[in-house]
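For reference, the structure is listed below as structure tokens.
What you are looking at is a predicted structure, and each value in this text was computed from that prediction instead of being measured. All ligand and atom numbering here is 1-based and tracks the order in the structure. Quick note: residue numbers are just sequence positions, from 1.
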Amino acid sequence: MVLNPVISKLAGKLVVLASASPRRLEILSNAGLRFEVVPSWFKETLDKGLFKAPHEYAVETAKQKALEVARRMPFKHLKTPDIVIGADTIVTIDGMILEKPVDKDDAYRMLSSLSGKEHSVFTGVAIVLCHEKENEEVDYQLIEFYEETKVKFADLSDDMLWEYINSGEPMDKAGGYGIQALGGMLVEYVYGDFLNVVGFPLNHFCKQLDRIYNRCTSSSDQQSASVRPSHNGTHATSALTQPPPKLSAQSSHSPSSPAKHNPTSGSRPNSSAAPLHEVDRKGSANEADGSCCTLVNSLSKHTEDREANLRDSENTLPLMTSRGQVIELNVTEQEDSEPKNEDLQRIVDLMDGFKASKALFTASKMCVFDLLQSRPGLDAAQVAQEIKASVKGTQRLLEACVSLGLLRSKERTCKKPVFENTDLASRFLLTDAPCSLRGYIQHCNDTVWPLFSHLESAVWEGANQREKAFGKTSTDMFQDTFYKRQEVQLRFMNAMHSIAKVTGQAVATAFDLSRFKTACDLGGCTGAMAYEFTKAHPGLSVTVFDLPAVVEMSEHFHPLHADNRMSFVGGDFFKDELPKADLYVLARILHDWPDERVHILLSKIADACSPGCGLLLSEIFLDEDRGGPRRGLLQALSMSEGSQRSAAEYGLLLKSHGFTTVHVRHTDSLLDAILCIKA
Ligand SMILES: C[S@@+](CC[C@H](N)C(=O)[O-])C[C@H]1O[C@@H](n2cnc3c(N)ncnc32)[C@H](O)[C@@H]1O
């Protein structure tokens with residue numbers, strides 16, 4: 001199995017995920033894939049009765065989602081993607097397809113039908129490869145497959161079901177549950193690919209990429225579908241007999257019609273005792289790995305023959321297990337070559353990580369992304385002139401940014417490549433973007449980077465390295481280091497502001513807070529997080545409490561001050577009286593402090609709370625086995641006094657101050673959250 005080498009083949013290509021699902025986004029980003037998200041406008045209203053088996057419905061929906069985006073992008077976004085990925089996840093039980101519940105009663109109906117039984121989760125996936133031709137026509141080639149996972153629910157009482165439904169989690173999830181969060185508590189066992197249940201079968205996807213990019217390079221004489229812009233802005237779809245230039249991965253179906261899949265592709269074995277799949281060598285060899293027949297069509301005739309020969313001559317008949325995964329019988333080849341490449345790539349990627357970070361920091365600092373946003377299509381010499389740098393150095397930086405998926409380059413007629421931002425850069429790297437991380441990037445460059453350059457000492461000594469990095473001793477990193485100079489303070493506040501802006505909504509909406517009328521965000525900095533709370537909860541007023549120097553400077557972050565449900569109070573949360581509130585918020589505060597300070601702060605909050613008051617704590621929660629997430633563990637390396645904790649550890653800590661944990665939420669954003677109540 002090849003993972004990273006396949007993913008890295010996509011670097012520099014415009015890969016698009018035609019899905020707004022944060023879970024799919026996370027799975028693919030975690031795998032190192034760089035992509036843009038363009039949610040599909042395709043309405044999931046296919047007539048389920050038209051499909052012989054549930055997975056056919058999921059695959060067809062995935063296909064229509066991906067094709068809709070692939071066709072729309074050249075017109076609406078004025079760029080043609082290289083690859084569009086569509087996916088659709090459904091839950092099936094007793095022949096019924098369960099999608100997302102429409103309301104709580106619907107969720108109850110779904111979940112109670114799953115209680116105590118085994119059900120199947122199918123994710124259909126469509127990969128559309130787009131080939132732009134010289135006459136501006138686009139060839140679309142389609143690979144589609146599905147994965148099935150069996151899940152067994154425990155016997156669930158009505159009370160449990162309603163508690164789960166009232167958590168709000170079921171509403172945007174197929175089958176009414178999310179296995180990766182609270183819904184995991186309902187599950188007795190999972191048989192098959194866990195990520196498939198979360199929403200995307202990563203393993204199967206990588207195998208398909210491997211087939212496309214590592215084993216299939218010749219052209220085909222198969223029919224492809226071509227789409228040409230027509231003058232009224234609609235697309236004309238026509239079948240061409242010309243082979244596409246390189247890859248020849250096409251669907252045997254017309255991309256425009258919701259055609260049925262080859263019925264002979266058959267339903268997948270659905271129990272561990274299922275027989276091995278039969279391989280139809282002529283038309284659908286790929287059935288053997290659980291793909292629909294279109295994958296075989298996606299391989300060129302040449303490759304198909306070659307693969308068939310290989311199978312014959314080397315006895316590499318692929319077998320499908322009951323999990324739908326391929327076991328190739330020439331195990332020696334698998335063990336000898338692929339794992340080595342994969343391991344090498346992983347190590348090299350780790351070694352190169354710092355180079356990638358520094359390239360991003362440098363391009364951001366030199367305002368490359370702002371420049372290319374206002375003037376897309378500059379070449380290296382023009383960019384160099386604008387940022388007042390050398391042409392050679394600028395060209396290298398721009399090319400590196402292309403390889404990182406931050407920029408895209410296009411050949412001009414005179415053959416000099418010109419550069420423009422990818423959507424990723426436009427969303428997160430511009431100074432004025434609503435989700436700009438530029439402030440945080442600058443903080444990483446100017447503050448975190450120097451600390452990491454003393455990591456070895458930090459490990460030897462187990463102590464903070466601020467003195468080595470910044471030439472100052474400090475007992476309080478905020479008051480002694482960050483807030484001594486106004487310029488550094490503003491930079492720090494900018495960093496907090498940018499992170500709070502991108503994570504704030506997920507934290508603010510993690511729980512139903514309608515019972516609370518007043519909140520106090522302790523260490524609330526610029527008020528960006530508090531602002532998200534007021535936006536999400538119209539009945540809530542929020543006081544931001546932070547050091548006086550911070551409150552004074554928070555005016556730089558207008559218009560947050562303008563909201564009359566937000567106010568700012570200056571003070572020291574270790575020493576001063578805390579403002580009265582029904583709900584206290586501690587976002588990214590506790591991890592910074594040694595245990596004794598944590599206890600001082602929690603005691604003060606507990607004293608300020610009457611029974612029924614809430615405390616919402618938001619941090620990165622470590623996995624209970626401390627095996628991840630990587631972000632939390634890497635952040636810990638530059639911390640010294642404080643510690644990263646798991647949700648259970650935070651729960652215990654809060655309990656020791658009289659708070660009972662009500663809910664833990666692993667949000668799809670960068671921060672997790674716990675809501676607890678003063679007993
Ligand atoms: C890591 S930042 C978190 C900011 C914000 N809660 C967020 O999530 O974006 C820590 C915040 O705690 C504030 N802080 C540090 N020491 C403090 C103290 N003794 N009293 C009040 N606020 C303090 C800092 O000024 C800073 O705004």
Could you report the tightest heavy-atom contact between [X] and [Y], atom names first, then the distance?
X	Y	value
Gln644	Met639	N-CE, 3.8 Å
Ser436	Ser498	O-CB, 3.0 Å
Asn166	Lys104	OD1-NZ, 3.0 Å

Atoms of ligand 1, numbered as shown, that sit under 4.0 Å from any heavy atom of [X]:
X	answer
Gly571	20 (N), 21 (C)
Asp592	1 (C)
Ala587	3 (C), 5 (C), 6 (N), 7 (C), 8 (O)
Cys525	4 (C), 27 (O)
Val550	25 (O)
Ala500	9 (O)

### Query
Counting heavy atoms only, which of Met496, Met477, Glu619 is nearest atom 2 (S) of ligand 1?
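It is Met496 whose heavy atom sits nearest to atom 2 (S) of ligand 1.
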### Task
Pick, from Tyr483, Phe573, Trp593, the option with the minimum heavy-atom distance to atom 22 (N) of ligand 1.
Phe573
I need the nearest protein heavy-atom contact for [atom]: residue, atom name and distance, please.
atom	answer
atom 15 (C) of ligand 1	Phe478 CD1, 3.4 Å
atom 7 (C) of ligand 1	Arg588 NH2, 3.3 Å
atom 11 (C) of ligand 1	Gly523 O, 3.5 Å
atom 27 (O) of ligand 1	Asp546 OD2, 2.7 Å

### Message
Other residues, nucleotides and ligands only: do more than 12 of their heavy atoms fall within 6.0 Å of NZ on Lys358?
### Response
yes
### Message
Could you go through Lys535 and Glu532, starting from their C-alpha distance and side-chain angles, then the distance that decides it, and tell me whether this counts as salt bridge (charged side-chain N to carboxylate O under 4.0 Å, His left out)?
### Response
CA-CA 5 Å; Lys535 250 183 16 186; Glu532 293 298 334; 3.5 Å; yes
### Task
Check the angle between the aromatic planes of Trp449 and Phe361 and answer parallel, tilted or perpendicular using the 30° and 60° thresholds.
perpendicular
### Message
In terms of relative ring orientation, are Phe200 and Phe205 parallel, tilted or perpendicular, with 30° and 60° separating the classes?
### Response
perpendicular
### Task
Answer yes or no for Arg645 and Phe621: cation-pi contact, defined as NZ/CZ to six-membered ring centre under 6.0 Å and angle to ring axis within 45°.
no
When only distance counts, is [X] in polar contact with ligand 1, meaning an N/O pair under 3.5 Å?
X	value
Phe574	no
Leu522	no
Asp572	yes

#### Entry: ligand 1 contact on Ile589 by region, counting heavy-atom pairs under 4.0 Å
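Under 4.0 Å from ligand 1, Ile589 contributes side-chain atoms alone.
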### Message
By the definition side chain to side chain contact (heavy atoms under 4.5 Å, CB included), identify the one residue from Ile620, Val507, Thr503 that meets it with Leu670.
### Response
Thr503
### Query
For Phe492, which of His497, His443, Glu487, Met553 qualifies under side chain to side chain contact (heavy atoms under 4.5 Å, CB included)?
His443
### Query
Any Lys/Arg nitrogen of Arg375 or Glu386 sitting under 4.0 Å from an Asp/Glu carboxylate oxygen of the other?
yes
### Query
Mind checking whether Ala528 has a heavy atom under 4.0 Å from ligand 1?
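In this structure, Ala528 fails to qualify as a contact of ligand 1 - no heavy atom is under 4.0 Å.
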### Query
Has Ile499 got any heavy atom lying under 4.0 angstrom from an atom of ligand 1?
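The answer is no, since Ile499 has no heavy atom less than 4.0 Å from ligand 1.
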